[in-house]
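Pasting in a structure now, in structure tokens, and then I'll have a few things to ask.
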Amino acid sequence: MTDAADLAPIREAVRALCADFPGEYWRRLDRERAYPTEFVAALTKAGFLAALIPEQYGGSGLTMTAAAAIMEEIQASGCNGAPCHAQMYIMGTLLRHGSAAQKERYLPGIARGDLRLQAFGVTEPTSGTDTLSLRTTAVRDGDHYVVNGQKIWTSRAEHSDLMLLLARTTPREQAKSRTAGLSVFLVDMQQARDNGLTIRPIRTMMNHATTEVFFENMRVPAENLIGNEGEGFRYILSGMNAERILIAAECIGDAKWFIDKAASYARDRVVFGRPIGQNQGVQFPIARAYIGMRAAELMVREAASLDEAGKDCGAEANMAKHLAAEASWAAADMCVQTHGGFGFAEEFDIERKFRETRLYTVAPISTNLILSYIAEHVLGLPRSY
Ligand SMILES: Cc1cc2nc3c(=O)[nH]c(=O)nc-3n(C[C@H](O)[C@H](O)[C@H](O)COP(=O)(O)OP(=O)(O)OC[C@H]3O[C@@H](n4cnc5c(N)ncnc54)[C@H](O)[C@@H]3O)c2cc1C
């Protein structure tokens, strides 16, 4: 399903759902730094968050293009998909690398939304982007692994039943290659919370439900290891294209929201006896933001098509994320400028969306790391780190 006509009903359905969650709803949550429980429940009930789960496990079995359209429409409607977007893609690691028994056990519940698998424990305070240097360890003890260490920026941990955790199972110096020795686990967070798992919220510039988590002798059943011990880094990498494509689609949605808002204001706002949008100094930045958004949108579609055709899309997913994050941030900045003082007023929602979209040139991967991926893997330049 790749053409616009096929996706129109999905886009309309997402828009209709989002209409029940207007600006006031998001402003209140933003002020209280509260989780959008009702919004996430509505998306779950409509089946949108199960878009990428195959029908045999109770999901909608849609394509990456369709999933991207869902995320884009959420953002273009002025809502925020960040509190739940990971429910769509974290399960990909389980789907691709989990055993038949694990998939039967977890995927139907994830598809229904009874099991929220939307916490992703990769980043650590000391290692940052250098994932291979992470320090959290999982040591085998009988039919369990014992986990010790810390993660940071583990978003939605307080609103998840399961966490996908990356931990070191073989000390770095004993691992058979640079990328070996890390393993992936499904952690039952409800059970772990009184048994070695501590979650501390981190307050950020936008309402993001992010946290830091601490593991102190947390026991994880060995049957919750995904795939083979020591191969976890490869499994995590294989899920990153989906994450990048879907977040790029969210950025396209944000850019569309900012551009629509700015164009509409520039048509209506009259200063010096004429609409401000009649001045080229006001129209050109809006046109420039539109061009940037459309170009980025093409790359997002290209990456999604390659992904759903089962082709390698590492470069395209990275470029899509980069272009889309730059486009949404440029559109956000333009939208504030077009609104003058009103761009700063809470009731216009622009300052909230401005803060929300700022994240995406940093997370889930920062601009420099994308540039170095393209330099090394596409252009054959020497590895810089
Ligand atoms: C709100 C929020 C939510 C997040 N959610 C999650 C989550 O759910 N799960 C999770 O695991 N992580 C999450 N993250 C972490 C996110 O993926 C990282 O913040 C991001 O990848 C950057 O890593 P870092 O913060 O450690 O920066 P660092 O690695 O410390 O880098 C800092 C800066 O230096 C640059 N830099 C570093 N090394 C190089 C180099 N070799 N060459 C050039 N530049 C370099 C980086 O590009 C960056 O600009 C989240 C982060 C935030 C802020």
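Note that these values count all heavy atoms, side chains included, but never hydrogens, waters or copies made by symmetry. Indexing begins at 1, ligand by ligand and atom by atom, following the structure's order. Numbering of residues begins at 1 and proceeds along the displayed sequence.
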_Within 45° cone and under 6.0 Å: R200 NZ/CZ vs F214 ring_ =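 Yes, R200 sits over the ring of F214.
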*Under 4.0 Å from ligand 1 - residues by heavy atom, chain and number*: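 Ligand 1 pocket, heavy atoms under 4.0 Å: F120, V122, T123, G128, T129, W153, S155, R156, M206, H208, T210, L359, V362, A363, P364, S366, N368, L369, Y385.
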*Is the number of heavy atoms from other residues, nucleotides or ligands under 6.0 Å of E216 CD greater than 12?*
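Open.
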_If we check salt bridge (Lys or Arg N to Asp or Glu O under 4.0 Å) with D161, which of these qualifies: R193, R116, R156, R112?_
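The passing option is R116.
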*Step by step, work out the ring-ring contact (aromatic ring centres under 6.0 Å, His included) result for F39 and Y25.*
CA-CA 10 Å; F39 174 69; Y25 175 76; 7.1 Å; no
*For Y106, look at atom OH and say whether over 12 heavy atoms of other residues, nucleotides or ligands are found less than 6.0 Å away.*
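Above 12, so yes.
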_cation_pi(R352, F354) dist<6.0 Å, angle<=45_ =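 No - R352 does not lie over the ring of F354 by the 6.0 Å and 45° rule.
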